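Working notes, structure below.
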Amino acid sequence: MNSKQNEDEEQRRQWGARAWAILAAVRTRSPLIQCITNFVSMDLMANTLLSAGASPAMLHSVEELPDFTPNADALCINVGTLSPAWLPAMKVAAELAVKAGKPWVLDPVAAGASKFRMIACLELTNLKPTVIRGNGSEIIALSKASTEYSMGVDSCHESVDAVEAAKSLAQSSGAVVAVSGAVDIVTDGKQVIGARNGVAMMQKITATGCSVTALIAAFLAVDQLHALEATASALSIFGIAGEMGMDVAKGPASLRTHLIDSLYGLDEAALNSRIRISSL
Ligand SMILES: Nc1ncnc2c1ncn2[C@@H]1O[C@H](COP(=O)(O)OP(=O)(O)O)[C@@H](O)[C@H]1O
Ligand SMILES: Cc1ncsc1CCOP(=O)(O)O
Ligand SMILES: [Mg+2]
């Protein structure tokens, strides 16, 4: 091995140890994750959290938030099926989480689909999310506060095309910003990290993006002080579960099942041999 290969191997070893420690903490501590999310994603998101060892609660009634949100370990807010009736609960929950010192994650699904949705996403961005995770088109749209860049929930941009938008959004919001895609990008506005796990077939299962956002919330719940590292680790581990699931899947429907099984059964050796995280 030359010195560059040695350095890469050392980086991989360090990321493996870090990601395993966070996953092990989730499995041991079983953090309670409140999810205010779209109707499409509720099932896969809850099952993703359970298979990782966390405890999901899909709870969005504004009447319950003062009792519940401060006691949850992290909050995930997803605007996928946004309506005026739900937005106040999202804002109140975000404020309660921040006040209680709990991390919260925003998934700006289809941020550029309408003015109503964009304004809602901008308002939520102003409420100090710990992490914002979207696909390339969503992060570009939100960063530019524009409805010109994305329409539906699927991306028409590569994640690497959103690096500058992600950095700019991270700097303006103070959040760590993650852009999912073939390479998952994570930035705090200065450092940029790339996680290269996953398979393209994950895009053919609805709510995989939503679910990895919730997994980020679970990782933050046990490692709030290292948001950049926790986010990259969650994205990489979800990708590894996708890769291992794809080894046996026949298509999107069976990949959905095998991804959940692989996340549940993931061991340290498999994680260490598959993890692909590095600086960009
Ligand atoms: N081309 C790809 N290769 C590998 N993994 C991918 C690819 N596209 C998306 N993924 C993975 O699929 C999951 C969902 O990402 P994405 O489809 O970008 O989100 P969204 O569903 O919000 O649009 C992420 O874990 C991401 O890493
Ligand atoms: C299809 C759809 N429509 C509104 S929300 C949603 C799910 C989006 O999930 P993801 O962003 O993970 O693909
Ligand atoms: Mg999405």
Side-chain angles (χ1 to χ4, degrees), residues 19 35-49 51-52 58 76-83 86 90 105-114 116-117 120-121 131-142 149-163 165-166 177-186 193-219 231-247 249 252 255-256 258-260 262-263 266 274-277:
C35 305
I36 303 183
T37 192
N38 67 75
F39 300 112
V40 186
S41 69
M42 284 183 186
D43 182 326
L44 187 62
M45 184 181 287
N47 281 304
T48 296
L49 288 169
S51 62
M58 280 42 196
C76 173
I77 295 182
N78 176 306
V79 300
T81 49
L82 188 63
S83 72
W86 278 46
M90 292 177 177
V105 186
L106 173 63
D107 191 325
V109 180
S114 68
F116 169 66
R117 194 174 281 250
C121 287
V131 175
I132 302 169
R133 194 296 311 169
N135 62 39
S137 297
E138 290 160 350
I139 295 301
I140 291 171
L142 186 57
Y149 297 90
S150 78
M151 274 299 291
V153 304
D154 297 320
S155 187
C156 44
H157 295 85
E158 297 295 328
S159 53
V160 287
D161 297 336
V163 171
V177 174
V179 191
S180 56
V183 183
D184 297 319
I185 313 278
V186 187
I193 293 171
R196 291 186 166 76
N197 292 107
V199 290
M201 182 76 82
M202 290 164 79
Q203 288 172 303
K204 295 291 179 198
I205 308 169
T206 192
T208 45
C210 305
S211 301
V212 78
T213 303
L215 189 64
I216 292 169
F219 276 37
T231 302
S233 298
L235 283 158
S236 184
I237 283 177
F238 193 71
I240 289 171
E243 290 170 13
M244 295 174 73
M246 200 63 218
D247 289 345
L255 177 57
R256 188 183 193 277
H258 291 301
L259 187 157
I260 295 292
S262 300
L263 181 57
L266 183 63
R274 287 183 181 259
I275 195 163
R276 292 184 67 199
I277 303 179

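We use all heavy atoms of the structure for the numbers below, so side chains are in, but hydrogens, waters and symmetry mates are not. One is the number of the first residue; the rest follow in order along the sequence. Remember, predicted model here, so these are calculated numbers, not experimental data. Ligands are counted one by one from 1 in listed order, and the atoms in each one are counted from 1 as well.
Near Gly80, with a cut-off below 4.0 Å to any heavy atom, the atoms of ligand 2 are 4 (C), 5 (S). Atoms of ligand 2 lying under 4.0 Å from any heavy atom of Ala207, numbered from 1 in the order shown and given with element: 9 (O), 10 (P), 12 (O), 13 (O). Near Thr208, with a cut-off below 4.0 Å to any heavy atom, the atoms of ligand 2 are 12 (O).
Among residues two or more places apart in sequence or in another chain, the side-chain hydrogen bond (donor to acceptor under 3.5 Å, both in side chains) test is passed with Arg274 by Glu243, Asp247. Qualifying side-chain hydrogen bond (donor to acceptor under 3.5 Å, both in side chains) partners for Ser41, counting only residues two or more places apart in sequence or in other chains: Thr37, Asn38.
At the top of the distance list for atom 6 (C) of ligand 2, counting protein heavy atoms only, stands Val40 CG2, 3.8 Å. Looking from atom 7 (C) of ligand 2 to the surrounding protein, the closest heavy atom is Thr206 OG1, 3.7 Å. Atom 3 (N) of ligand 2 has its closest protein heavy atom at Val153 CG1, 3.7 Å. The protein heavy atom nearest to atom 25 (O) of ligand 1 is Phe238 CD2, 3.4 Å.
Nearest heavy-atom pair, Cys156 versus Tyr149, reported as atom, atom and distance to 0.1 Å: SG-O, 4.0 Å.
Remark: the backbone N or O of Ser137 is paired with a side-chain donor or acceptor of Ser155 at under 3.5 angstrom. In this structure a side-chain-to-backbone donor-acceptor pair under 3.5 Å is present from Asn197 to Arg276.
Any N or O atom pair closer than 3.5 Å counts here, and Asp154 shares no such pair with ligand 1. Between Gly209 and ligand 2, at least one pair of N/O atoms sits closer than 3.5 Å. Backbone and side-chain nitrogen or oxygen atoms of Cys210 are examined, and one is located within less than 3.5 angstrom of a nitrogen or oxygen of ligand 2. At under 3.5 Å, not a single nitrogen or oxygen of Ser155, backbone or side chain, sits near a nitrogen or oxygen of ligand 1.
When Asn135, Thr208, Leu235 are checked for heavy-atom proximity to atom 13 (C) of ligand 1, Thr208 turns out nearest. Residue nearest to atom 16 (P) of ligand 1, selected from Gly152, Gly209, Ala110, Ser180: Ser180 (by heavy-atom distance).
At a 4.0 Å heavy-atom cut-off, ligand 1 touches Val153 through the backbone alone. The residue Glu243 has no part lying near ligand 1, judged by heavy-atom distances below 4.0 Å.
How far CZ of Arg133 is from CG of Asp107: 4.5 Å, rounded to the nearest 0.5 Å.
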